[in-house]
Amino acid sequence: MIEAIIFILAYLLGSIPSGLIVGKLGYGIDIREHGSGNLGGTNTFRTLGVKAGLIVTSADILKGTLASALPSLFFNSDLNSLLVGVFAVIGHTYPIFAKFKGGKAVATSAGLLLFSAPVMFITILAFFFIVLYITKYVSLSSMLAGVYGIIYSLFTKDIPLIIVISLLTVFVIYRHRANIKRIINKTEPKVKWL
């Protein structure tokens with residue numbers, strides 16, 4: 001019963017639509033009606049600017065972090081924190097509070113690592129910004145950061161970590177399939193603030 005409650009809470013945490021809340025309360029804008037229509041940090045950056053983008057991205061990361069922390073910090077459960085964090089990623093991507101249309105799973109996936117594997121989180125973040133600086137593509141940087149995460153996890157020999165990171169990376173790439181087409185066609189927007 002406690003395990004079920006933890007999974008439900010993790011999903012509900014992930015479902016909190018940070019982009020929608022910041023857009024409507026701070027700017028009177030529904031970001032689903034602008035840019036890519038996505039509720040994630042990237043569309044918030046493009047639609048509302050750097051300040052709003054940073055707030056939304058940070059909130060989306062922390063959703064994954066808090067969800068992963070639920071078993072050990074609040075319920076004294078032996079549930080794997082990575083597995084619980086995955087439910088937050090599902091909530092972020094398919095949020096019950098926003099008609100099941102959410103973000104692309106990147107920030108919240110990073111958030112579960114911030115709690116479960118903080119050193120890995122830092123190195124992935126650094127890798128992400130290096131690729132972003134070189135390419136100016138957020139989508140490409142996100143996908144390659146996931147691939148880097150898989151390679152990193154292999155050296156840890158932590159089987160649950162390897163499995164979760166691999167599955168999340170595949171999911172992130174799947175969620176970016178439209179971006180991949182735009183990158184190939186050279187129509188994918190590049191960041192202008194870096």
Side-chain angles (χ1 to χ4, degrees), residues 7-68 70 84-114 124-125 128-129 131-132 135-146 167-194:
F7 288 132
I8 291 169
L9 285 176
Y11 171 78
L12 293 176
L13 277 171
S15 289
I16 297 171
S18 311
L20 185 62
I21 292 169
V22 170
K24 285 197 170 185
L25 294 183
Y27 300 82
I29 290 175
D30 186 337
I31 66 168
R32 295 174 297 183
E33 299 172 357
H34 300 271
S36 65
N38 191 269
L39 277 180
T42 301
N43 194 41
T44 306
F45 271 107
R46 291 178 185 150
T47 304
L48 303 177
V50 174
K51 180 181 178 181
L54 287 173
I55 293 171
V56 170
T57 300
S58 298
D60 288 346
I61 289 172
L62 291 175
K63 290 190 302 187
T65 306
L66 183 56
S68 297
L70 286 173
V84 177
V86 167
F87 277 77
V89 175
I90 294 170
H92 173 70
T93 312
Y94 305 106
I96 193 171
F97 303 128
K99 299 180 180 179
F100 301 101
K101 295 180 180 179
K104 293 188 176 178
V106 177
T108 309
S109 294
L112 68 88
L113 287 178
L114 178 57
I124 288 178
L125 189 64
F128 170 86
F129 278 110
V131 177
L132 183 62
T135 68
K136 302 297 187 291
Y137 289 129
V138 174
S139 55
L140 180 61
S141 302
S142 300
M143 291 184 282
L144 290 179
L167 290 175
L168 287 176
T169 298
V170 170
F171 186 55
V172 164
I173 292 173
Y174 169 77
R175 292 286 291 170
H176 282 85
R177 57 197 185 280
N179 302 82
I180 294 171
K181 291 179 182 178
R182 289 195 294 269
I183 290 171
I184 293 171
N185 296 330
K186 297 182 180 180
T187 57
E188 176 78 345
K190 294 186 175 184
V191 298
K192 299 177 181 178
W193 49 271
L194 186 64

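Every heavy atom of this structure was used, including side-chain atoms; hydrogens, water molecules and symmetry mates were not.
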Student: According to ring-ring contact (aromatic ring centres under 6.0 Å, His included), who are the partners of F171, at least two apart in sequence or on a separate chain?
Tutor: none

Student: Which residues pass the salt bridge (Lys or Arg N to Asp or Glu O under 4.0 Å) test with K63, sequence neighbours left out?
Tutor: D60

Student: Less than 4.5 Å apart, any side-chain heavy atom of M143 and any of I180?
Tutor: yes

Student: Just verifying a value: how many Å separate T47 OG1 and E33 CD, rounded to the nearest 0.5 Å?
Tutor: 11.0 Å

Student: Are the side chains of S142 and V138 in touch, meaning some heavy atoms are under 4.5 Å apart?
Tutor: yes

Student: Within the 4.5 Å heavy-atom criterion, are F87 and L9 side-chain neighbours or not?
Tutor: no

Student: Quick one: side-chain contact (heavy atoms from CB on, under 4.5 Å) partners of K101, sequence neighbours excluded?
Tutor: none

Student: List the atom of I183, the atom of Y137, and the distance in Å for their closest heavy-atom pair.
Tutor: CG2-CE1, 4.4 Å

Student: Identify the two heavy atoms, one from L54 and one from S58, that lie closest to each other, and give their separation to 0.1 Å.
Tutor: O-OG, 2.8 Å

Student: Looking only at heavy atoms, which two atoms of V84 and F7 are closest? And how far apart?
Tutor: CG2-CE2, 4.0 Å

Student: Nearest 0.5 Å, what's the CZ-CG distance between R175 and L168?
Tutor: 13.0 Å

Student: So, for S15 and F97, which heavy atoms are closest and what is the spacing to 0.1 Å?
Tutor: O-CD1, 3.5 Å

Student: Using the side-chain contact (heavy atoms from CB on, under 4.5 Å) criterion, which residues pair with L167? Sequence neighbours excluded.
Tutor: I163

Student: After noting the C-alpha distance and the side-chain angles of L48 and V56, does the key distance pass the side chain to side chain contact (heavy atoms under 4.5 Å, CB included) rule?
Tutor: CA-CA 10 Å; L48 303 177; V56 170; over 6 Å; no

Student: Measure the OG1-OH distance between T93 and Y174 for me, rounded to the nearest 0.5 Å.
Tutor: 11.0 Å

Student: Taking atom CD1 of I90 and atom CD1 of I96, what is their separation to the nearest 0.5 Å?
Tutor: 13.0 Å

Student: Testing N43, N38, N179 for side chain to side chain donor-acceptor pair (under 3.5 Å) with K104, which one passes?
Tutor: N179

Student: Output every pair passing ring-ring contact (aromatic ring centres under 6.0 Å, His included) with a member in residues 9-40, not counting sequence neighbours, ordered by first then second residue.
Tutor: none

Student: Going through the distances and angles, do I16 and I21 end up as a side chain to side chain contact (heavy atoms under 4.5 Å, CB included)?
Tutor: CA-CA 8 Å; I16 297 171; I21 292 169; 3.8 Å; yes

Student: Please examine the side chains of D30 and L20, heavy atoms only from C-beta on, and report whether any two atoms are closer than 4.5 Å.
Tutor: yes

Student: Would you compute the distance between atom CD1 of I31 and atom OG1 of T42 and round it to the nearest 0.5 angstrom?
Tutor: 10.0 Å

Student: L132 pairs by side chain to side chain contact (heavy atoms under 4.5 Å, CB included) with which of V191, L140, L144?
Tutor: V191

Student: What is the minimum heavy-atom distance between S139 and E188, and which atoms define it?
Tutor: OG-OE2, 2.8 Å

Student: Excluding sequence neighbours, so at least two apart, what forms side-chain contact (heavy atoms from CB on, under 4.5 Å) with A88?
Tutor: A67, T108

Student: OG/S68 to CG/L13 distance, rounded to the nearest 0.5 angstrom?
Tutor: 10.0 Å

Student: Please give me the minimum heavy-atom distance between V22 and A52, naming the atom from each residue.
Tutor: CG1-CB, 4.1 Å

Student: Could you tell me if the side chain of T135 sits less than 4.5 Å from the side chain of S141, heavy atoms only?
Tutor: yes

